[in-house]
Amino acid sequence: MRIPIADVTPETTEAEIIGWVHEVRDLGGLAFYIIRDRTGFLQVTIVKKKAPETVVEATKETSRESVVRVFGTVKATEKAPGGRELIPDTFEIISKAESPLPLDVAEKVPAELDTRLDNRFLDSRRPRINAIFQIRSNITQSINDFLFKEGFVNITTPKVVAAATEGGTELFPIAYFEKEAFLNQSPQLYKQMMMAAGFEKVFEIAPIFRAEEHNTTRHLNEATSIDVEFSFADHNDAMDLVEKIVIQAYESVSNNCENALNTLNVDLKVPENRFPRITYSEAIDIAALGIEEDISYGDDLSTAAERAIGDEMGEHYFITDWPTSIKPYYAMPFEDQPEICKAFDLMHPRMELSSGAQRIHQYDLLVEQIKEKGLSPESFEFYLKPFRYGMPPHAGWGLGMERLIMTMLNLPNIREAVLFPRDRHRLVP
RNA sequence: GCCCAGGUAGUGUAGGGGCCUAUCAUGCAGCCCUGUCACGGCUGCGACACGGAUUCGAAUUCCGUCCUGGGCGCCA
């Protein structure tokens, strides 16, 4: 009966393990086979004069990264990693790995990101890579748990859509029988429609697609968006919620992923306080002091500006009170000051994590704003119709999963936070 | 999209007109080795992205193609 390697302790008497041959150190009359499974490493020690001949034969046949089953007695010893080693009675090759390997799992020699992504299945055998995705899984679970507990309903919205949903970004066109269709850039319109559907609180964690030809360490063409929308709420409620979500994601990882964090050598600091909130206008002033080029009210924040503000803030923060002109049409303008709106961005010092807003729920105002942006209300009829039949006030946000992971773990490249990233050039695997 | 830097054994690299029969590490194969934990020692194997040009001579210079990384823009 196979047991996980982590369960093999110095007190264990005998054990059967199944795992990958991580490393071989053959000293002649004595050989060490380091076996790795999802839970850890175990040294299999073979004294060639004493070991059964079948074991010696099998170890001769095996190769690094082959899958093997080893059964034997466990010996407590200070000389072995973890204070124990396995003295095999049987050693069976279940699946032999070809040689040479496309990359070195044991990390004696580094591999470039491109090589690693081409061989992601092997790359992911490395404990450091595995740890990232253990943590990602935990974040997904904790956010789901949190939102379910808060009474949010999990929804699934279409990724194949007929028209550009909110403008602002390039879409991937696809062939949909005799019609043209697109991969959805965001579930925005659908989650708002669910407010009209009376669901009151909805969320979705799902892929979004952007056809931007960007080439950076913080953009993906297929990303995962954590999307939330809730009724009878304003932008302040939305900010409170996204702040709670981020903090509790940090807490969850900190409490449940100690091994993964150690493997990654990350000393995770859980944000303790509420995130500071500065207005767009204040952000512009900070940026103007910190960067060379001119920046003035009404401009979008450049990368350099974001960085300058991030350096100044030094922690997560919100930018509020954005000019209505540079936010999407569905952001609610302030009643007394319609040139600014109830939109916000949640920023990490390195980059933007989330943007959200109280949404416009009045049909006439929404149509007006759509026209203001140079879009045609006719092409949004499916979206606008619900606003005519009792749309509650509502607010929401979208939070980039990969950016959350990247900033939490201080990963150098957003591709590190995705198993199989889609970027400007990569479509395989 | 614009700009910059690259492409050398399976992997990661050195080498920037002749010292290249191309360096080192790792890997692989063989031999030696009974406490390794980046085991060690010896021997061997394995590469200049592709096409063209310049030159007596090109891994090295130039042009084109393909591929990659990064910065900016756009975007989240």
Side-chain angles (χ1 to χ4, degrees), chain A residues 22-34 41-51 60 63-65 75 77-83 85 87 97-119 122-123 126 166-171 185-188 207-227 293 299-307 326-328 343-348 350-356 397-404 406-407 412-415 423-426 428:
Chain A
H22 187 72
E23 264 189 277
V24 177
R25 284 191 279 275
D26 190 339
L27 275 58
L30 178 67
F32 303 105
Y33 286 75
I34 314 300
F41 297 95
L42 180 62
Q43 174 170 294
V44 171
T45 302
I46 293 158
V47 179
K48 289 180 189 170
K49 278 183 185 162
K50 292 183 187 166
K60 245 186 247 171
S63 56
R64 289 161 79 233
E65 294 305 319
K75 199 173 116 193
T77 167
E78 284 308 307
K79 289 185 281 191
E85 64 188 357
I87 312 297
E98 278 181 30
S99 185
L101 298 162
L103 58 80
D104 177 17
V105 177
E107 296 196 80
K108 283 181 189 166
V109 177
E112 291 196 343
L113 184 59
D114 188 49
T115 307
R116 291 174 40 213
L117 293 176
D118 280 343
N119 301 281
L122 261 188
D123 184 46
R126 300 154 83 177
E166 37 181 315
T169 190
E170 295 294 320
L171 300 180
Q185 70 185 85
S186 145
Q188 180 63 31
I208 55 172
F209 303 90
R210 311 278 164 104
E212 300 292 339
E213 292 184 339
H214 32 47
N215 200 329
T216 79
T217 54
R218 60 188 186 283
H219 289 94
L220 292 164
N221 292 292
E222 180 180 10
T224 308
S225 181
I226 303 160
D227 263 281
E293 64 264 33
D299 292 341
D300 238 319
L301 297 177
S302 66
T303 306
E306 270 187 16
R307 205 168 293 136
I326 57 173
K327 279 292 174 186
F344 60 86
D345 281 3
L346 170 61
M347 311 293 295
H348 177 276
R350 284 177 75 189
M351 72 191 77
E352 179 183 340
L353 292 185
S354 168
S355 66
W397 41 260
L399 170 63
M401 174 70 92
E402 287 81 12
R403 287 188 172 188
L404 178 63
M406 180 187 183
T407 53
N413 193 313
I414 198 164
R415 295 167 180 83
D423 62 31
R424 177 68 186 81
H425 301 289
R426 180 173 291 278
V428 175

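Numbered from 1 within each chain, the chains take letters A, B, ... in sequence-line order. Predicted model, so just to flag it, every value in this text is computed and none were measured.
- The salt bridge (Lys or Arg N to Asp or Glu O under 4.0 Å) check on A:Arg116 picks up A:Asp123, A:Glu416, with sequence neighbours excluded.
- Residues passing the side chain to side chain contact (heavy atoms under 4.5 Å, CB included) test with A:Lys75 are A:Glu85, A:Ile87, sequence neighbours excluded.
- With C1' as the reference atom, B:C74 and B:C3 are 15 Å apart, rounded to whole Å.
- Base pairing analysis places B:G6 opposite B:C67; the two distances defining the Watson-Crick or G-U wobble pair are each below 3.5 Å.
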Atom pairs under 3.5 Å: protein N/O with N/O of nucleotides 34-38 of chain B:
unit_1: B:U34; atom_1: OP2; unit_2: A:Gly29; atom_2: N; d: 2.9
unit_1: B:G35; atom_1: N1; unit_2: A:Glu85; atom_2: OE1; d: 3.2
unit_1: B:G35; atom_1: N1; unit_2: A:Glu85; atom_2: OE2; d: 3.1
unit_1: B:G35; atom_1: N2; unit_2: A:Gln43; atom_2: NE2; d: 3.4
unit_1: B:G35; atom_1: N2; unit_2: A:Glu85; atom_2: OE1; d: 2.7
unit_1: B:U36; atom_1: O2'; unit_2: A:Arg25; atom_2: NE; d: 3.3
unit_1: B:U36; atom_1: O2; unit_2: A:Arg25; atom_2: NE; d: 3.1
unit_1: B:U36; atom_1: N3; unit_2: A:Gln43; atom_2: OE1; d: 2.8
unit_1: B:U36; atom_1: N3; unit_2: A:Gln43; atom_2: NE2; d: 3.4
unit_1: B:U36; atom_1: O4; unit_2: A:Gln43; atom_2: OE1; d: 3.4
unit_1: B:U36; atom_1: O4; unit_2: A:Gln43; atom_2: NE2; d: 3.1
unit_1: B:U36; atom_1: O4; unit_2: A:Lys79; atom_2: O; d: 2.2
unit_1: B:C37; atom_1: O4'; unit_2: A:Arg25; atom_2: NE; d: 3.3
unit_1: B:C37; atom_1: O4'; unit_2: A:Arg25; atom_2: NH2; d: 3.3
unit_1: B:C37; atom_1: N3; unit_2: A:Lys79; atom_2: O; d: 3.4
unit_1: B:C37; atom_1: N4; unit_2: A:Lys79; atom_2: O; d: 3.1

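- A donor-acceptor pair is defined here as one N or O able to donate and one able to accept, closer than 3.5 Å; such a pair exists between the side chain of A:Ser63 and the backbone of A:Ala97.
- Nucleotide B:U60: unpaired (no Watson-Crick or G-U wobble partner with both distances less than 3.5 Å).
- Comparing the C1' positions of B:C20 and B:C48 gives a spacing of 11 Å, expressed to the nearest Å.
- Look at the P atom in both B:A47 and B:G71: the space between them is 35 Å, to the nearest Å.
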Worked verdict on A:Arg350 versus A:Thr217 for side chain to side chain donor-acceptor pair (under 3.5 Å): CA-CA 11 Å; A:Arg350 284 177 75 189; A:Thr217 54; 5.7 Å; no

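- Glycosidic torsion of B:G41 falls outside 90° of 0, placing the base in anti.
- For A:His425, the ring pair (Phe, Tyr, Trp, His ring centres under 6.0 Å) criterion is met by no residue, not counting sequence neighbours.
- A:Thr115 comes within contact range of the sugar-phosphate backbone alone, with a heavy-atom separation under 4.0 Å but no base atom that close.
- Surrounding CD of A:Glu78 are at most 12 heavy atoms belonging to other residues, nucleotides or ligands under 6.0 Å away.
- With both pairing distances under 3.5 Å, B:C19 is matched to nothing as a Watson-Crick or G-U wobble pair.
- One atom, CG of A:Asp26, and another, C1' of B:C42, lie 16 Å apart when rounded to the nearest Å.
- Across the interface with RNA chain B, nearest-nucleotide mapping of A:Leu103 and A:Leu220 shows A:Leu103 to be the residue nearer the 5′ end.
- Checking A:Ser354 against A:Pro100, the closest nucleotide of RNA chain B that is more toward the 5' end is the one next to A:Pro100.
- In terms of modelled atom types and a separation under 3.5 Å, the side chain of A:Glu402 and the main chain of A:Thr224 share a donor-acceptor contact.
- In this structure A:Glu107 satisfies the side chain to side chain contact (heavy atoms under 4.5 Å, CB included) test together with A:Arg126, A:Arg128, sequence neighbours excluded.
- Pairing for B:U54 is absent, with no Watson-Crick or G-U wobble pair whose two atom distances lie under 3.5 Å.
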Might you list the N or O atoms of the protein lying below 3.5 Å from N or O atoms in nucleotides 69-72 of chain B, with each pair's distance?
unit_1: B:G70; atom_1: OP1; unit_2: A:Asn413; atom_2: ND2; d: 2.4
unit_1: B:G71; atom_1: OP2; unit_2: A:Thr217; atom_2: N; d: 3.4
unit_1: B:C72; atom_1: OP1; unit_2: A:Arg307; atom_2: NH2; d: 2.9
unit_1: B:C72; atom_1: OP2; unit_2: A:Arg218; atom_2: NH1; d: 3.4

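- Both distances falling under 3.5 Å, in either a Watson-Crick or a G-U wobble arrangement, place B:C72 opposite B:G1.
- Residue-level contact check: A:Ala31 touches neither bases nor backbone, having no heavy atom under 4.0 Å from any strand.
- Side-chain atoms of A:Lys48 come within 3.5 Å of backbone N or O of A:Gly28 as a donor-acceptor pair.
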